[in-house]
Amino acid sequence: MTALHYRQPEESDHIRVVEAIPVWWEMPPEAAPIGLLPRLFFQHFANTSVLVEDEGGRLVAFLIGFRSASRPETAYIHFVGVAPEQQRQGLARDLYGRFFAMMRGRGCTRVDAITGPINRRSQSFHRALGFAQAGDTEVDGVLAYLDYDGPGQHRVTFTRAL
Ligand SMILES: CC(C)(COP(=O)(O)OP(=O)(O)OC[C@H]1O[C@@H](n2cnc3c(N)ncnc32)[C@H](O)[C@@H]1OP(=O)(O)O)[C@@H](O)C(=O)NCCC(=O)NCCS
């Protein structure tokens, strides 16, 4: 079992994370959700985000999250990813646990996240961590909010008390 190193991401990590997304999400680059993770998250949300590397410095996981600027009782997890060979070992659960503790310490009482209707892995993961999943219209076999993020951009929402 390799030792893992947790640290805050730096702006220069952005390219590595973006390059990992098509591989980790198992999608062709043109379909992968790279555009959802612009560089600004590594500039302005680094101190509430985490990046995990193995002993060789290889990227194995990341969590991009923050405390809401306009709803200070709410923490928000924007993106999480774990390298395929490290999945199902509790790494994302651990990253979420650390984020929950940090946000509780800042006074947050709830945490929110969203995903796409087709991302069943993300839905199973969030439900396993105690998130309530919501939507109001069946899309691809699950309840989602239609056009939540724009035309055709349907989303499933998650919320959990902290
Ligand atoms: C979703 C993801 C982050 C989960 O990471 P992980 O480190 O494998 O998750 P964990 O090992 O902490 O899993 C915790 C629990 O979530 C559930 N879970 C996780 N992956 C699951 C899967 N593929 N299918 C069903 N349940 C799953 C299980 O209940 C699991 O507990 P268990 O292994 O004891 O049964 C990972 O699969 C991933 O990076 N996927 C690609 C990127 C993505 O879709 N990110 C989320 C959208 S932003």
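Indexing begins at 1, ligand by ligand and atom by atom, following the structure's order. Just so you know, these numbers come straight off a predicted model, no measurement behind them. Heads up: numbering here begins at 1 and tracks the sequence. Hydrogens, waters and symmetry mates play no part in the numbers below; they use all other heavy atoms, side chains included.
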May I ask you to decide whether Glu73 forms a salt bridge with Arg110, counting only side-chain N to carboxylate O separations under 4.0 Å?
no

I'd like to check Val17 versus Phe42 (side-chain heavy atoms, cut-off strictly below 4.5 Å). Are they in contact?
yes

Mark up the atoms of ligand 1 that fall under 4.0 Å of a heavy atom belonging to Ser122, in ascending order.
46 (C), 47 (C)

If you have a sec, work out which protein heavy atom is nearest atom 46 (C) of ligand 1 and how many Å separate them, to one decimal?
Val80 O, 3.6 Å

Give the residue, atom name and distance (to 0.1 Å) of the protein heavy atom nearest atom 6 (P) of ligand 1.
Ala92 CB, 3.7 Å

Among all protein heavy atoms, pick out the one at the shortest distance from atom 22 (C) of ligand 1; state its residue, atom name and that distance to 0.1 Å.
Arg88 NH1, 3.2 Å

Using a 4.0 Å cutoff against the non-hydrogen atoms of Trp24, which atoms of ligand 1 qualify?
41 (C)

shortest atom 26 (N) of ligand 1-to-protein heavy-atom contact is with Ser124 CB, 3.3 Å

Ile118 atom CD1, over 12 foreign heavy atoms within 6.0 Å
no

Phe41 and Phe79: aromatic ring centres closer than 6.0 Å?
no

Kindly check if the number of other-residue, nucleotide or ligand heavy atoms within 6.0 Å of OH (Tyr148) is above 12?
no

Tell me which protein heavy atom sits closest to atom 11 (O) of ligand 1, plus the residue, atom name and distance to 0.1 Å.
Gly90 N, 2.8 Å

Side chain, backbone, both or neither: the part of Arg120 lying under 4.0 Å from ligand 1 by heavy atom:
neither

Counting both backbone and side chain atoms, is some N or O of Leu129 under 3.5 Å from an N or O of ligand 1?
no

Output the list of atoms in ligand 1 that are nearer than 4.0 Å to some heavy atom of Ala128, sorted by atom number.
15 (C), 16 (O), 17 (C), 29 (O)

Considering the heavy atoms of Gly81, write down every atom of ligand 1 situated less than 4.0 Å from one of them.
39 (O)

Which of the ligand 1 atoms, numbered from 1, are nearer than 4.0 Å to a heavy atom of Asn119
43 (C), 44 (O), 47 (C)

Out of all atoms in ligand 1, which are within 4.0 Å of some heavy atom of Gln89? Include the element for each.
11 (O)

Any salt bridge linking Glu53 with Arg16? Criterion: basic side-chain nitrogen under 4.0 Å from a carboxylate oxygen.
yes

Might you confirm whether atom CZ of Arg120 has over 12 heavy atoms from other residues, nucleotides or ligands at distances under 6.0 Å?
yes

Would you call the rings of His126 and Phe158 parallel, tilted or perpendicular, taking 30° and 60° as the class edges?
parallel

Could you check whether any side-chain heavy atom of Phe62 comes within less than 4.5 Å of a side-chain heavy atom of Pro9, counting everything from C-beta outward?
no

Residue and atom name of the nearest protein heavy atom (relative to atom 15 (C) of ligand 1), distance in Å to one decimal
Arg93 NH2, 3.6 Å

protein heavy-atom neighbour closest to atom 23 (N) of ligand 1 works out as Arg121 CG, 2.9 Å

Just need the protein heavy atom nearest to atom 1 (C) of ligand 1, so name the residue and atom and give the distance.
Phe125 CB, 4.1 Å

